[in-house]
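Both backbone and side-chain heavy atoms feed into the values below; hydrogens, waters and symmetry mates do not. Chain naming here is simple, since letters A, B, ... match the order of the sequence lines and numbering starts at 1 in each. Please read all numbers here as calculations on a predicted model, not as lab measurements.
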There are 2 protein chains.
Amino acid sequence: MPAARRTAARNATLGDVAKLAGVSIATASKAINGREDVAPGTRDRVVAAAAELAFSPNQLARSLIAGRTGTVGLLTSDLEGRFVIPILMGAEDAFGAGQVNVILCDARGDAIREQHHLKALLNRRVDGIIVVGRQTDPRPSLGEQPVPVVYAYAPSDDPADLSLTPDNVAGGRLAVEHLLGTGRRRIAHISGDPAYAAAQDRTTGVRAALADAGLELVGDVAYNDWSEHWGRDAAAMLLAAHPEIDGIVCGSDQIARGVLDTLRDFDKRVPDDVAVIGYDNWEVLATQSRPELTSIDANLQQLGRAAAMRIFEAIDGADGVDGETGEHRLPVRLVIRGSTIARR
Amino acid sequence: MPAARRTAARNATLGDVAKLAGVSIATASKAINGREDVAPGTRDRVVAAAAELAFSPNQLARSLIAGRTGTVGLLTSDLEGRFVIPILMGAEDAFGAGQVNVILCDARGDAIREQHHLKALLNRRVDGIIVVGRQTDPRPSLGEQPVPVVYAYAPSDDPADLSLTPDNVAGGRLAVEHLLGTGRRRIAHISGDPAYAAAQDRTTGVRAALADAGLELVGDVAYNDWSEHWGRDAAAMLLAAHPEIDGIVCGSDQIARGVLDTLRDFDKRVPDDVAVIGYDNWEVLATQSRPELTSIDANLQQLGRAAAMRIFEAIDGADGVDGETGEHRLPVRLVIRGSTIARR
DNA sequence: TACCGTGCCGAAAGGGATTTCGGAGTTTTC
DNA sequence: GAAAACTCCGAAATCCCTTTCGGCACGGTA
């Protein structure tokens with residue numbers, strides 16, 4: 001069978017380096033790792049030998065001793081990779097480039113596959129596991145594990161776990177405050193599946209911000225699903241019932257795209273007549289619409305970073321000290337584009 | 001500092017199991033791994049002990065002996081995760097669930113970061129590396145490495161490497177053949193950046209299929225970039241110059257979305273007046289448009305699967321046998337939706 | 001009884017690196 | 001000139017598991 005190219009060169013071991021430098025393995029190790037008790041001349045010889053053999057230490061052997069691998073498992077069912085990639089990047093960055101590597105496992109929404117992956121990750125002795133949910137609803141806890149587990153994006157249903165989630169209430173609030181700031185007063189809200197905690201939380205934020213300004217939502221919240229189709233339909237119904245609206249807060253960028261479509265069909269100018277704000281800041285949707293979509297960004301990269309840091313804090317902390325638990329809501333961010341403020 | 005929950009329970013080692021079962025470590029190993037020369041009674045005792053201690057073998061130690069880790073590195077700069085996630089899933093699946101794990105590294109288009117990640121992967125003794133490009137243009141080779149390297153999606157610029165790419169020529173051809181099959185004869189082509197090999201290849205396929213039917217493209221190929229904006233503008237120009245067209249092959253789903261927008265502005269019905277076909281089958285775009293978008297799917301999951309298999313073939317093959325090289329084009333697939341065939 | 005074959009089990013080596021601790025060699029001190 | 005104090009270096013243990021191979025005990029055969 002055909003196969004891929006590679007060189008035959010075996011990796012040099014510390015023993016090879018030691019032999020070439022004419023020292024013991026122990027000394028070679030010390031020299032390379034910058035430990036003391038090595039004469040400068042000896043160190044130079046070892047370093048030169050290591051360079052000549054292109055020696056790079058076997059992380060497996062290292063991890064075996066250290067009891068730490070410098071890897072974290074990322075367990076997800078996010079088929080799109082929309083949430084998981086930024087979180088992965090954040091985790092990679094938590095401790096300088098190349099310190100931490102991420103083993104990404106896609107469970108595809110299958111509990112059995114998830115268990116398989118979990119076991120594989122533990123066997124590989126990952127230092128911790130980040131569980132990324134598909135949506136912001138609570139998901140089943142993995143229970144007690146021999147390594148720290150952090151739930152990201154979707155919280156665990158067990159309050160004894162640590163969950164890091166985006167603050168959807170603040171997001172809803174932020175959206176409305178921005179619209180108010182641009183002078184809108186007659187604001188409606190179109191969202192997705194009301195069974196999602198995310199939908200409820202965002203709505204809560206929306207209402208709260210309006211209440212603070214002495215205003216109320218125009219019409220009821222239009223819930224259904226997170227699709228563009230729904231955005232189109234909902235906007236049509238909304239315009240029929242309340243033609244006076246001047247701002248629409250959408251539960252997702254997809255919904256917002258649909259809303260924009262319908263507004264164009266109704267000859268409403270965006271943002272002049274109606275301002276539209278999305279949610280998720282999914283670049284491919286938000287920056288390609290006309291006009292481009294103002295949106296709420298969940299700061300997922302920061303969330304991934306925080307998750308990784310929590311894991312290593314848990315390890316470094318004294319054993320047996322159970323860390324922080326419960327759901328922590330991380331701040332979100334407003335990204336302003338043309339759908340709320342006209343280009344000058 | 002706060003940290004995540006975990007149990008204090010240290011992982012049981014094979015030694016613990018052996019002690020509990022009252023046998024030697026060697027016997028415990030044999031019993032657990034189903035090797036011979038173990039009396040049934042002994043085996044049962046060991047297995048029971050292992051279960052009691054929730055023993056799971058340390059993959060690190062295993063890998064150290066075996067010289068194989070069962071991991072592959074996925075090196076990418078695909079910030080979206082659009083290409084890399086399906087490829088990752090395919091690689092995971094190449095050998096049954098949980099056999100292979102993938103360490104995903106995002107280089108973010110930075111060569112230095114890529115080198116860092118490469119080194120980290122090699123230190124972790126991955127069994128092979130899959131390099132996923134951002135676009136289908138050739139990318140710099142990593143050169144000779146101690147493990148097999150396969151380039152996926154984007155080929156390497158070194159023909160001595162093995163590259164697996166989607167067959168863009170066949171994709172262009174498939175698109176046109178489908179349109180011809182629905183009775184279209186006046187077909188135009190709007191594509192992205194002409195500097196991309198993908199754009200050129202798709203165009204080649206488009207022209208070839210038309211030529212086979214004794215037809216020619218209506219107008220020139222409209223190249224620019226891969227955006228919705230361009231799709232909208234190009235479609236407007238196209239309709240102005242050639243109002244008679246009845247089919248448009250687009251270089252990406254984003255372009256197709258823009259084209260659909262403009263067609264609606266021009267009161268052209270899709271698919272009745274004009275059929276539109278996209279490229280990439282990016283679900284979130286293709287299934288949310290009105291009508292839903294027929295598109296060409298690059299079968300990335302299969303591509304990832306193939307890449308992983310090549311890696312392990314290269315390992316299993318005799319050392320020093322350089323495997324297959326060059327760029328291999330994998331078949332693509334037509335996904336039919338409402339933009340080319342009216343719903344019954 | 002002496003011998004051989006078979007069936008089970010365990011001691012030990014090995015995989016690659018780190019770390020401790022003792023010892024050899026050199027310099028300082030009285 | 002002997003004791004004390006440093007420098008450097010290396011043997012060996014350790015991490016956890018797999019695998020080889022020698023050996024013990026038992027039953028069967030001559």
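- The side chain of A:S24 contributes no N or O atom lying less than 4.0 Å from OP1 or OP2 of D:dC9.
- When distances run from any side-chain atom of B:A26 to the nucleotides C:dT19, C:dG15, C:dA12, the shortest one goes to C:dA12.
- Taking only side-chain nitrogens and oxygens, B:S29 never comes nearer than 4.0 Å to OP1 or OP2 of D:dC17.
- Here the nucleotide nearest the side chain of B:D37, chosen from C:dC9, C:dG16, C:dT19, is C:dC9.
- Residue A:I25 is classed as a base contact, given a heavy-atom separation below 4.0 Å to a base.
- A heavy-atom distance below 4.5 Å is not found between the side chains of B:V131 and B:Y153.
- With rounding to the nearest 0.5 Å, the separation of CD1 in A:I32 from CG in A:L14 is 5.5 Å.
- The residue among B:V38 and B:A61 whose nearest nucleotide of DNA chain C lies closer to the 5′ end is B:V38.
- Of the candidates D:dC21, C:dA17, D:dC17, the closest approach to any side-chain atom of B:K30 belongs to D:dC21.
- Residue A:R62 places none of its side-chain N or O atoms closer than 4.0 Å to OP1 or OP2 of C:dG16.
- The nearest whole Å value for the distance from the CZ atom in B:R35 to the P atom in C:dG10 is 17 Å.
- One interatomic measurement links the two molecules: CD of B:E36 to P of D:dT19, which rounds to 12 Å at whole-angstrom precision.
- Rounding to the nearest 0.5 angstrom, the gap separating the CZ atom in B:R108 from the OG1 atom in B:T76 is 11.0 Å.
- We find that CD1 of B:I65 is positioned 11 Å from P of C:dG16, with the value rounded to whole Å.
- Looking at residues two or more places apart in sequence or on another chain, you find no ring pair (Phe, Tyr, Trp, His ring centres under 6.0 Å) involving B:F55.
- Rounded to the nearest 0.5 angstrom, B:D93 CG and B:M309 CE are separated by 11.5 Å.
- In this entry the distance linking CG of B:N11 with P of D:dC15 reads 14 Å, nearest Å.
- Here the C1' atom of nucleotide D:dC15 and the CG atom of B:N58 are 8 Å apart, to the nearest Å.
- Of the side-chain N and O atoms in A:N33, one or more sit less than 4.0 angstrom from OP1 or OP2 of C:dT18.
- Counting to the nearest Å, the C1' atom of D:dC8 and the CZ atom of A:R45 are 12 Å from each other.
- Proximity note for A:T42 (side chain, C-beta onward) versus D:dC8, C:dT19, D:dC17: the nearest is D:dC8.
- What separates CD1 of A:I32 from P of C:dG16 is a distance of 15 Å, to the nearest Å.
- Between the CG atom of B:L14 and the P atom of D:dT18 there is a distance of 6 Å, rounded to whole Å.
- For B:T27 and C:dG10, the shortest distance from a side-chain N or O to OP1 or OP2 is below 4.0 Å.
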